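What follows is a short report on a single structure.
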Amino acid sequence: MELQEILRFADEVVFSKTGKHLDDLQQAILRDTFQGKKYAKIAQDRNCSEGYVRSSACELWKILSEVLGENVTKTNVQSILERAKVYNFSPTIGSDNITVNNVNICPEKVRSHSPTQQPQQTPTETHIDLGDAPEIFSFYDRTTELATLENWIICDRTRLIALLGISGIGKTTLSLQLIEQIKTNFDYIIYRSLRFSPTLNATLTNLLQIFPHEADIPQHIETQISQVLNYLRQHRCLIIFDDLQMLFASGQLAGQYKTGYEDYQLFFKLIAEVNHHSCLLLNTWEKPREIAKLEKSNNYVRTFVLGSLGLAAKEILKERNLSDEDTWETLIDIYQGNPLWLELTASTIEDIFAGSVSDFLQCDAPILDESLQAQLDQQFQRLTQQEILVMTQLAKEGKPVALPDILKIVELSVSDLVNAMRSLGMRLLVEGKEEEKTTFFSLNTVIKEYVKSRYMR
Ligand SMILES: Nc1ncnc2c1ncn2[C@@H]1O[C@H](COP(=O)(O)OP(=O)(O)O)[C@@H](O)[C@H]1O
Ligand SMILES: [Mg+2]
């Protein structure tokens with residue numbers, strides 16, 4: 001069958017589902033896939049990232065699968081399209097009915113693949129409302145992180161993602177960059193920081209004002225939730241709630257909502273369980289408990305732990321007046337590739353060490369700048385007494401220790417210790433490494449120095 005003929009047919013199929021024709025990239029993916037080209041090569045030819053091509057391809061296979069009622073992949077797409085064309089498959093816009101040899105049928109397979117409700121309207125352009133999001137002036141690397149998140153959101157249609165990371169690691173920056181990368185896939189993109197702990201009622205009222213509405217915004221939380229879910233079904237939306245940790249109580253184990261905020265749990269659960277094609281991304285220092293529970297049984301819920309920026313952090317250091325570039329890697333290692341910690345430390349090196357990184361490293365690093373300490377104070381103020389006790393013991397240890405050894409040195413019951421360790425893990429304050437079926441726990445250099453200076457001197 002002629003390539004052009006199959007492409008035209010694929011275009012009809014996609015149009016029947018999305019109301020949009022194949023874009024340039026989708027056409028290239030189909031054409032090149034038929035010729036056996038790998039995603040990496042397609043990306044290279046088109047001067048874009050492999051992750052981008054991969055997620056566009058996944059999205060395309062998904063649309064084709066849903067309309068044709070078969071699991072379309074890179075390897076079978078050509079034969080499935082050819083077969084469907086030969087059997088005179090005729091996609092009908094917004095309908096599950098297909099025509100084979102002019103007989104109208106509605107196969108179960110196709111029906112079970114289609115979402116319960118089709119978007120009622122397709123806005124022509126993406127509505128972007130970033131609220132009070134900070135402006136990003138420079139952005140380095142995070143290529144794999146962006147590709148993974150893009151894949152999860154666009155291709156796997158993950159509905160609820162927790163972007164977990166210690167303060168300053170770059171969650172806000174990464175999520176705003178992600179918007180830039182994937183915005184054309186959405187009808188609505190909304191960013192809201194929860195730093196002032198808005199109630200769910202306030203948050204949903206705010207969200208509902210963004211979508212087109214004729215009547216007044218409902219007052220009742222149940223009606224608000226159901227209206228928001230309706231919008232998430234009708235439109236493809238990406239909603240980012242930043243600083244989710246502000247909804248969690250201080251002085252309690254990680255991820256417990258403050259009194260009056262518990263209904264967020266139900267909202268997140270519904271986002272995960274109700275059928276829609278939108279995504280809610282939650283940026284947080286602490287892993288929400290319901291996410292930990294939901295992700296065990298629900299494929300649409302995932303956690304992404306954001307770690308070191310790695311050597312790309314050198315670019316941040318280059319923006320400063322620093323010397324001794326050959327020592328920067330050590331500096332990045334000590335400060336865990338945390339962009340904010342490195343920015344704050346770079347200021348100290350500029351101000352006190354005339355920009356000499358090696359002079360700074362000669363001192364007993366890590367030196368914790370006052371503002372870095374203040375950053376960590378905010379996180380440590382949330383810990384329970386038991387967690388502080390564990391942290392001070394771990395700070396004394398020269399090497400990683402296993403749970404039974406910690407039990408010998410802290411005056412805690414096994415249950416209290418296990419709960420404290422789990423909670424510290426959810427806050428990313430303790431590192432655990434598995435060796436020969438035993439987990440060994442330790443603190444990174446900055447956290448260890450902080451605990452020593454705040455609690456042990
Ligand atoms: N990939 C990156 N490239 C450049 N700067 C970054 C990057 N990630 C974070 N930063 C910088 O580090 C600081 C902390 O980042 P931020 O996104 O606010 O962290 P978080 O939200 O995790 O607390 C900001 O000044 C930001 O500009
Ligand atoms: Mg942030």
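Both backbone and side-chain heavy atoms feed into the values below; hydrogens, waters and symmetry mates do not. In this text the structure is predicted, and so the values were computed from the model without any measurement. For ligands, and for the atoms within them, numbers begin at 1 and follow the listed sequence.
- When each atom of ligand 1 is checked for a heavy atom of Thr172 under 4.0 Å away, the hits are 17 (O), 21 (O).
- When heavy-atom distances to ligand 1 are checked against a 4.0 Å cut-off, Asp242 has no atom that comes that close, whether in backbone or side chain.
- Heavy atoms of Asp141 come nearer than 4.0 angstrom to ligand 1 in no pair at all.
- Of all atoms in ligand 1, numbered sequentially from 1 with element shown, those under 4.0 Å from a heavy atom of Lys171 are 17 (O), 19 (O), 20 (P), 21 (O), 22 (O), 23 (O).
- Remark: minimum distance from atom 17 (O) of ligand 1 to any protein heavy atom is reached at Thr173 OG1, 2.5 Å.
- Residue Leu309 has at least one heavy-atom neighbour below 4.0 Å for each of these atoms of ligand 1: 1 (N).
- The distance from the Mg ion (ligand 2) to the nearest N/O/S atom of Ser167 is not under 2.8 Å.
- Near Ser167, meaning under 4.0 Å from one of its heavy atoms, ligand 1 places the atoms 23 (O).
- A donor-acceptor pair shorter than 3.5 Å can be found between the side chains of Thr303 and Glu295.
- Scanning all protein heavy atoms for the shortest distance to atom 19 (O) of ligand 1 gives Gly170 N, 3.1 Å.
- For atom 25 (O) of ligand 1, the nearest protein heavy atom (residue, atom name, distance) is Glu343 OE1, 3.0 Å.
- Nearest heavy atoms, Tyr191 versus Pro134: OH-CD, 4.1 Å.
- Of the protein's heavy atoms, Tyr140 N, 2.8 Å lies nearest to atom 3 (N) of ligand 1.
- The CD atom of Gln393 sits 11.5 Å away from the CG atom of Leu407 when rounded to the nearest 0.5 Å.
- The shortest contact between atom 14 (C) of ligand 1 and any protein heavy atom is with Gly168 O, 3.6 Å.
- The nearest heavy-atom contact from the protein to atom 10 (N) of ligand 1 is Pro339 CB, 3.6 Å.
- Aromatic rings from Tyr450 and Phe380 are positioned such that their centres are separated by under 6.0 Å.
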